[in-house]
Enquirer: 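Sharing a structure, written as structure tokens. Questions coming.
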Amino acid sequence: MSEQIAVSRATMRLQGQLRNIAPFLTLLLLVAFFSIASDSFLSFGNLQNILTQISVTGIIAVGLTFVILCAEIDLSVASIANATGIVVAWFTVQDPSVTIANVPLPGWAAIILALAVCVALGAVNAFGLTRIGIPSFIMTLAMLQIAAGICALLVRGQIAYAVPPLIATLGSRSIGPVPWIVIVTAMFLLAGHVVLTYTRFGRYVYMTGGNREAAEYSGVNVRAILSVVMIISAVCSGVAGMLGVAYFGSAQQNEFDTYLLDSISAVVVGGTSLFGGQGGIGNTIIGLFVLGVLNNGLDHVNIDSFLKILIRGLILLVALVINVYAQRIRGAAGGTG
Amino acid sequence: MPDPIAPEVIALSGVTKSFGGVTALRGVDFSLAAGEIHGLVGENGAGKSTLMKIIAGVHTGYLGEMRIDRQPVHFASPRDARAAGIGMVHQELAIMPDLSVAENVHMGALPLRKSGLLDWPGMRRGAAEHLANLGIDIDPRTRMGDLPLGLQQLVEIARVLFSGARIIILDEPTSALAPPEVERLFSVLRRLRDAGRSIIFISHFLDDVLAICDRVTVFRNGHAIATEPCPRINKRWIIDRMIGAGHEALEETYLTGITLRSKPDAPVVLQVEHLDRPGTYQDVSLRARAGEVLGIYGFLGSGQLELAHTLFGRLRASRGRIALDGKPVRLASTTQARRAGIAFLPESRRMMLFGSEPVFKNVTISILDRIGRVWLRPRVERKIAADHAARLRIRPPDVQRALRTLSGGNQQKVALAKWLTHLPRVLVLSEPTRGMDVGAKDDVTKIVRGLVRQDIAVIVVSAEPETILSLADRILVMKKGRIVREFADERVSKDRLLEAS
């Protein structure tokens, strides 16, 4: 009898951990597969590649993790990254061949102004969501367009190359064998984890996502939490955008477009619940590696490059199925709640 | 008056229905005549709704026999009941607020043209005609949600009739209606009765029941206690039968009455003046005193729940003033209310608990800012939660368990514990003992009593007379959004409470 209870409790715990275990197993499987299928996949150099490749996505994904934990979404992350990257270039002295009517400023001023822009865009998202009551899906869809519009107006179809020296260093140089951008990403992930796990604000984020009504009836200022979360998301995107411009070596329209899907995928594939309240930065790190290994590994095996897109779509679908399934198991195991 | 030889349209005999081990109906006989308005009264849980759900085909497994037009029937689904001409209008109307009145009336059988497209002109004409027949004058193009509640209800009745019902069950139709709206509803019902339709009228509002019904059946503990023609009975007669004689000891005290002891000299903690929220409550003024439990009693939909939510900043009043310790306060959000020193326990546990989070996080969510400004201190949190678990006898006492693994009564105690670490000035409890077993109810009563001794003001809002009587020192009765009666320093019993509401 008691043995039965122990067994069922163990099963329950295992089911409860499904959202954490499934992505991790996926990652191990992918690594194992590519290691066998390709000679060049498993090497230190390639690990460095993968880390660098997931860095820009990683910084955006930190902010998105906050947003998705609150059961909201931010579709404007890539656009805000693009706009912030272009703003920082617009305030930097460009080569005479670049004919945009920009305003060169000292590097620090350019960076501060660029950060101010992404904070402002995030604040507009926050205002629309919490004060006007526009669902985040629609609000950030509008912001996606607005930020893209800012990009278009500033560069007018041109390409800018120069960014402030600090940004250039962090985005495109290395310290020893480790690229700076990887270090910055690691710091963002660490900071995100610390805030979510060890601070009062982080607790409020989880509680707001877990049961918004209950958070409100407990006297939590849900609007303020959601507002801060939208701004965090925009700032992460902005930093990713600035470093991304340095990493790519250019600032132009639409250069971040793929990062919207990549960053959402990373968070969700990692197992953070789309319904809010479950998951965290740890999940996002696994999600980033799953996507990074997949993208990178598919280049190392002989595969139709057009098939890659389909495979990524399928992996995302499987992750979504697991995500919803894990939620349902929790609900069923709960009874009342 | 129904014709004494009017044929029975529905006859139930010996109907018994149990849920698990609980018997909800015991050998109930019930009959409904053609052209009759039949009132159904009884306390919550007396069996009225179970019987109606059997008639409406919702509950299919029962003992006993049901006949419609003298033919034995056994509905397998609500669809069968509808096909037999039975329509139900629920207290929460099943309307489509964004569609027009015409569409609402035709919902379920929208008229089509030969081409398969909707016949809009036909639909409007049909609806207008149908509404006019009932004596309802509404433009069928009006958006349903723009109508006042009373008219929405009439349209809903029209819809049920239009779909072919000749027996209509109305559940608490007057609870949210103002007197003129009630009168309009009654005139429609009389017209229907005179046209030979039969109506079952379920209500807590005994005055309304007596005003419109031809016969009344009283339910108590799953029995149909008595059925009498209306002219022969009055409110007193109904209440006596609803409550009955011979109960368990605890109930006895509420029947014979308890003596309230208010504290008129204690300082006023919360003062509410002329609070208005259109459609829910009007001109509410009250004072809650330190060390006193103020009970606010009213039937569901009387506005007392909304009032409680307003006091915690979750709903806004359109007019009126609230003062705490003599100083006016603005309660625009729950955070402001919490900071001002108001605590609230909503009627549904789901509304304030986090099922998948551990118990201790549920307990400390409302006081995190007092434990640490920036950083969490889980050890302190667990200690606080464990103290409460011990004090409130929360079972099991393991505060790291996920909350949803606890029983309902223990979850409710966790919800209470949230507000006990730093005592509020005012504690508002909405239906604090709903769905609890006797032991857990007793625990809650003791906890509340203990709190009052520490000089906070407690406000208990409930639609259950027992809850109010077991906790309150002073009682306000709300009826259709207004405070209609105050009981203080006098004997009050369940029937006096019912009579006042």
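The model shown is predicted, which means the values in this text are computed figures rather than measured ones. First the proteins, then the strands, lettered A, B, ... as listed; each starts at 1.
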Enquirer: Using a 6.0 Å cut-off, check whether atom CZ of Arg395(B) has over 12 heavy atoms from anything other than its own residue.
Expert: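 Above 12, so yes.
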Enquirer: Heavy atoms, side chains only, cut-off 4.5 Å: are Val194(A) and Trp375(B) in contact?
Expert: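 A side-chain contact exists here, since the closest heavy-atom pair is under 4.5 Å.
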Enquirer: Among Asn221(A), Val195(A), Thr197(A), which residue forms the greatest number of heavy-atom pairs with chain B at distances under 4.5 Å?
Expert: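 Counting heavy-atom pairs under 4.5 Å, the top option is Asn221(A).
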Enquirer: Just wondering, are more than 12 heavy atoms of other shown residues or ligands nearer than 6.0 Å to OH in Tyr198(A)?
Expert: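 Result for OH/Tyr198(A): open.
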Enquirer: On the 0 to 90° scale, with breaks at 30° and 60°, tag the His309(B)-Tyr217(A) ring pair as parallel, tilted or perpendicular.
Expert: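 Taking Tyr217(A) first and then His309(B), their aromatic rings stand perpendicular (interplane angle over 60°).
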Enquirer: I need the Ser348(B) OG to Glu213(A) CD distance, nearest 0.5 Å.
Expert: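 These two atoms lie 7.0 Å from each other.
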Enquirer: Should we say atom CZ of Arg143(B) is surrounded by more than 12 heavy atoms from elsewhere, each under 6.0 Å from it?
Expert: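 Count over threshold, so yes.
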Enquirer: What distance separates Arg212(A) CZ from Phe354(B) CZ, expressed to the nearest 0.5 Å?
Expert: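 Going from CZ on Arg212(A) over to CZ on Phe354(B), the span is 11.5 Å.
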Enquirer: Can you tell me which portion of Ala224(A) sits under 4.5 Å from chain B's heavy atoms? Options are side chain, backbone, both or neither.
Expert: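 For Ala224(A), there is no contact with chain B at all, as no heavy atom is under 4.5 Å.
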Enquirer: Show the nearest heavy-atom pair for residues Lys361(B) and Met207(A), with the distance to one decimal.
Expert: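 Nearest pair, atom of Lys361(B) first, then Met207(A): O-CE, 3.4 Å.
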Enquirer: Could you state the interatomic distance from OG1 (Thr335(B)) to CZ (Arg223(A)), rounded to the nearest 0.5 Å?
Expert: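 So the OG1 of Thr335(B) and the CZ of Arg223(A) are separated by 9.5 Å.
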Enquirer: Does this structure show an ion pair linking Glu381(B) with Arg203(A), if we count only N-O contacts that are shorter than 4.0 Å?
Expert: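 So Glu381(B) pairs with Arg203(A) through a salt bridge.
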Enquirer: Hey, what do you get for CG (Asp369(B)) to OH (Tyr204(A)), rounding to the nearest 0.5 Å?
Expert: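 Here the rounded value is 4.5 Å.
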Enquirer: Please say whether more than 12 non-hydrogen atoms of neighbouring residues, nucleotides or ligands are located less than 6.0 Å from CZ in Phe201(A).
Expert: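 Yes, the 6.0 Å shell around CZ holds more than 12 heavy atoms from other groups.
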Enquirer: Verify, without hydrogens or angle tests, whether Ser218(A) (side chain) and Ile365(B) (backbone) share a donor-acceptor contact under 3.5 angstrom.
Expert: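 No; judged by distance alone, with no hydrogens or angles, the pair does not exist.
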Enquirer: So do the side chains of Met352(B) and Asn211(A) get within less than 4.5 Å of each other, counting heavy atoms only?
Expert: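 Met352(B) vs Asn211(A): side chains apart.
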Enquirer: I need the Arg377(B) CZ to Arg200(A) CZ distance, nearest 0.5 Å.
Expert: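 One finds 12.5 Å between CZ of Arg377(B) and CZ of Arg200(A).
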Enquirer: Report yes if the side chains of Ser356(B) and Gln278(A) come closer than 4.5 Å at any heavy-atom pair, otherwise no.
Expert: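 Side-chain contact under 4.5 Å: yes.
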Enquirer: Out of Gly313(B), Pro346(B), Ala337(B), Ala343(B), which one racks up the most heavy-atom pairs below 4.5 Å with chain A?
Expert: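 Looking at each option in turn, the highest pair count goes to Pro346(B).
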